[in-house]
Amino acid sequence: MKGSFLSSSKISFSNHPNIRRRLDNRTLRQGFEEWKFYQNPEEPDSSPKYAVHSRDTCSTFNFNEYLENLSTRDLGHNIFHFTKISSSMVPLEGQPLIHGLMVVADEQLSGKGRGGNNWISPVGCAMFSLQLHLDTSSHLGKRPSLLQHLVGLSAVQALRSFNDDLDLRLKWPNDIYYKSQAKLGGIIVTSSCSGSNIIMNIGCGLNLDNSAPTLSVNQLLNANHRLTREKYLARTMNKMEELIDSFNAGKSEDFFQMYYENWLHSGQKVKVHTDSVNSKAKCESDSCAEIVGLDCYGYLRVKDESGEEYSVYDDGNSFDMTEGLIRPKLK
């Protein structure tokens with residue numbers, strides 16, 4: 001599988017400290033995979049599963065247009081680009097790589113979703129994976145479970161920067177919707193620890209151009225203002241870095257306010273499904289509650305009919321916000 005390494009960084013990928021010490025004859029072992037790096041116009045002398053060429057541009061991703069719209073300090077300056085890959089999360093699995101490294105694929109054959117679901121993402125979807133290194137002493141590093149919400153907000157704000165009339169919404173915990181009618185995208189985040197850093201691998205997919213099976217972003221935009229993948233990705237990186245910097249500067253309340261302005265659930269009535277075990281039997285019950293917001297870690301905060309407030313979370317299987325069912329309750 002051949003890919004391209006695109007970079008505007010002054011430090012080359014192979015010279016980055018996290019990479020240089022692990023390279024062996026231009027080969028990097030990452031997770032269960034092996035990556036070999038080549039300089040153009042050199043061709044592979046063997047058949048590694050992943051062969052990556054350093055380039056200035058590639059035919060299916062306009063790196064110059066992307067850079068013209070990118071204004072970040074760290075995020076998105078180094079990109080692995082693939083025309084086709086099993087999942088854009090695969091290159092990030094394993095030892096830490098580079099903070100802000102992004103993987104972009106034109107087509108994804110077995111993308112990773114919530115609850116272990118696999119997603120096929122054809123050409124026309126805007127997919128990226130991103131690795132962040134969060135200091136555990138930072139505000140966001142102390143509450144990394146909020147990152148999936150921050151990523152969703154970044155994508156929505158980026159899209160609205162092109163057309164503020166787009167009625168895009170965030171469906172808790174990790175979906176992007178048009179109003180409450182059609183899902184446009186989703187986010188997944190995995191994490192691991194390395195020294196004083198939490199390594200966060202983010203996957204985000206958005207239906208940018210495909211009219212089926214649901215609406216696409218460009219169907220919602222004026223036909224004369226078609227949004228390119230390059231502009232969308234650059235603006236999303238800009239917004240994400242801006243939100244991370246603001247959160248780490250102690251402005252968490254600003255984040256929560258912006259999130260509530262863009263989500264679907266204010267005042268929504270839901271059923272909370274709970275399992276309880278007594279000395280004789282396991283019992284299941286549903287209780288009615290009203291959504292009041294998020295707690296400080298991003299779990300859903302609800303208030304039941306007695307006035308008690310508590311947090312609930314998505315277990316990846318029995319959760320269905322569209323049907324108003326949440327399970328289970330956090331004690």
Side-chain angles (χ1 to χ4, degrees), residues 112-117 119 134 139-156 168-192 198 200-205 243 247 252-331:
K112 298 183 178 181
R114 183 170 59 89
N117 294 321
W119 296 92
L134 300 181
H139 288 284
L140 190 56
K142 293 175 181 176
R143 293 188 273 175
S145 51
L146 285 171
L147 185 62
Q148 64 180 333
H149 307 308
L150 187 148
V151 174
L153 180 60
S154 302
V156 166
L168 302 179
R169 296 290 165 181
L170 294 163
K171 175 176 168 288
W172 184 89
N174 55 1
D175 288 333
I176 300 169
Y177 264 64
Y178 170 63
K179 298 183 177 179
S180 58
Q181 301 172 5
K183 179 177 174 177
L184 297 176
I187 299 109
I188 184 171
V189 179
T190 64
S191 64
S192 61
I198 302 177
M200 310 293 290
N201 291 334
I202 301 159
C204 181
L243 288 172
F247 196 99
S252 61
E253 290 307 312
D254 291 350
F255 161 73
F256 283 108
Q257 181 178 343
M258 287 185 284
Y259 186 84
Y260 295 144
E261 289 171 356
N262 289 279
W263 81 333
L264 282 170
H265 307 299
S266 294
Q268 183 179 350
K269 306 291 186 181
V270 294
K271 290 184 295 181
V272 179
H273 189 86
T274 32
D275 296 336
S276 59
V277 179
N278 57 34
S279 58
K280 295 182 178 180
K282 178 179 178 180
C283 302
E284 294 185 357
S285 62
D286 291 343
S287 59
C288 294
E290 179 181 337
I291 295 174
V292 295
L294 301 179
D295 68 15
C296 64
Y297 295 102
Y299 298 115
L300 206 61
R301 196 78 181 158
V302 301
K303 180 169 65 175
D304 65 20
E305 293 173 320
S306 70
E308 179 189 1
E309 287 193 14
Y310 51 86
S311 295
V312 294
Y313 72 96
D314 166 23
D315 68 359
N317 296 307
S318 54
F319 168 84
D320 189 347
M321 182 65 82
T322 58
E323 296 296 326
L325 177 66
I326 302 171
R327 169 182 178 173
K329 175 179 176 180
L330 285 175
K331 300 296 185 183

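Counting all heavy atoms, side chain and backbone alike, Tyr297 lies closest to Ser145 at O-OG, 2.6 Å. Residues Gly186 and Asp175 come closest through the heavy atom pair CA-OD1, 3.9 Å. Scanning both residues, Leu134 and Gly141, for their nearest heavy atoms gives CB-CA, 4.3 Å. In plain terms, the two heavy atoms of Met200 and Ser191 that are nearest each other are SD-CB, 3.5 Å. The two residues Ile187 and Cys204 have their closest heavy-atom pair at CG1-SG, 4.0 Å. Taking both residues in full, the closest heavy atoms of Ile176 and Ala155 are given as CD1-CB, 3.8 Å, listed atom of the first, atom of the second, then distance.
Looking only at side-chain heavy atoms (C-beta outward), Asn201 and Val189 stay at 4.5 Å or farther from each other. Proximity of Leu147 to Leu140: side-chain heavy atoms (C-beta onward) are separated by under 4.5 Å at one or more points. Two residues are said to be in side-chain contact when any heavy atoms from C-beta on lie closer than 4.5 Å; Tyr177 and Leu168 fail this criterion. Within the 4.5 Å cutoff, the side chain of His149 has heavy atoms near those of the Pro173 side chain. In this structure, the side chains of Arg143 and Cys296 come closer than 4.5 Å at one or more pairs of heavy atoms. Residues Gln257 and Glu253 fail the side-chain proximity criterion, which asks for heavy atoms closer than 4.5 Å.
For Tyr260, the OH atom sits in a packed shell: over 12 heavy atoms of surrounding residues, nucleotides or ligands are nearer than 6.0 Å.
Note that the NE2 atom of His265 and the CD atom of Glu290 stand 13.5 Å from one another [nearest 0.5 Å]. With values rounded to the nearest 0.5 angstrom, Lys142 atom NZ is found 11.0 Å from Ile198 atom CD1. Remark: Ser252 OG to Leu243 CG distance equals 12.5 Å, nearest 0.5 Å. Here the CG-CD distance, from Leu170 to Glu261, works out to 11.5 Å after rounding to the nearest 0.5 Å. A distance of 5.5 Å separates OH of Tyr259 from CG of Leu294, quoted to the nearest 0.5 Å. We find the CH2-CD distance between Trp172 and Gln148 to be 8.0 Å, quoted to the nearest 0.5 Å.
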Chi angles and distances behind the side-chain contact (heavy atoms from CB on, under 4.5 Å) call for Leu146, Phe256: CA-CA 10 Å; Leu146 285 171; Phe256 283 108; 4.0 Å; yes
Checking Ile188 against Ile202 for the side-chain contact (heavy atoms from CB on, under 4.5 Å) test, could you report, in this order, the C-alpha distance in whole Å, the side-chain angles of both residues, the deciding distance, and whether it holds? CA-CA 6 Å; Ile188 184 171; Ile202 301 159; over 6 Å; no
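Residues passing the side chain to side chain donor-acceptor pair (under 3.5 Å) test with Ser266, sequence neighbours excluded: Trp263. Remark: Glu309 pairs with Val292, Arg301, Lys303 by the side-chain contact (heavy atoms from CB on, under 4.5 Å) rule, at least two apart or across chains. Evaluation of the side chain to side chain donor-acceptor pair (under 3.5 Å) rule for Asp254 yields no partner, not counting sequence neighbours.
Relative ring orientation between Phe255 and Phe247 is described as perpendicular, the plane-to-plane angle rising above 60° on a 0-90° scale split at 30° and 60°.
In this model, no donor atom of one side chain and acceptor atom of the other lie less than 3.5 Å apart for Asp304 and Ser287.
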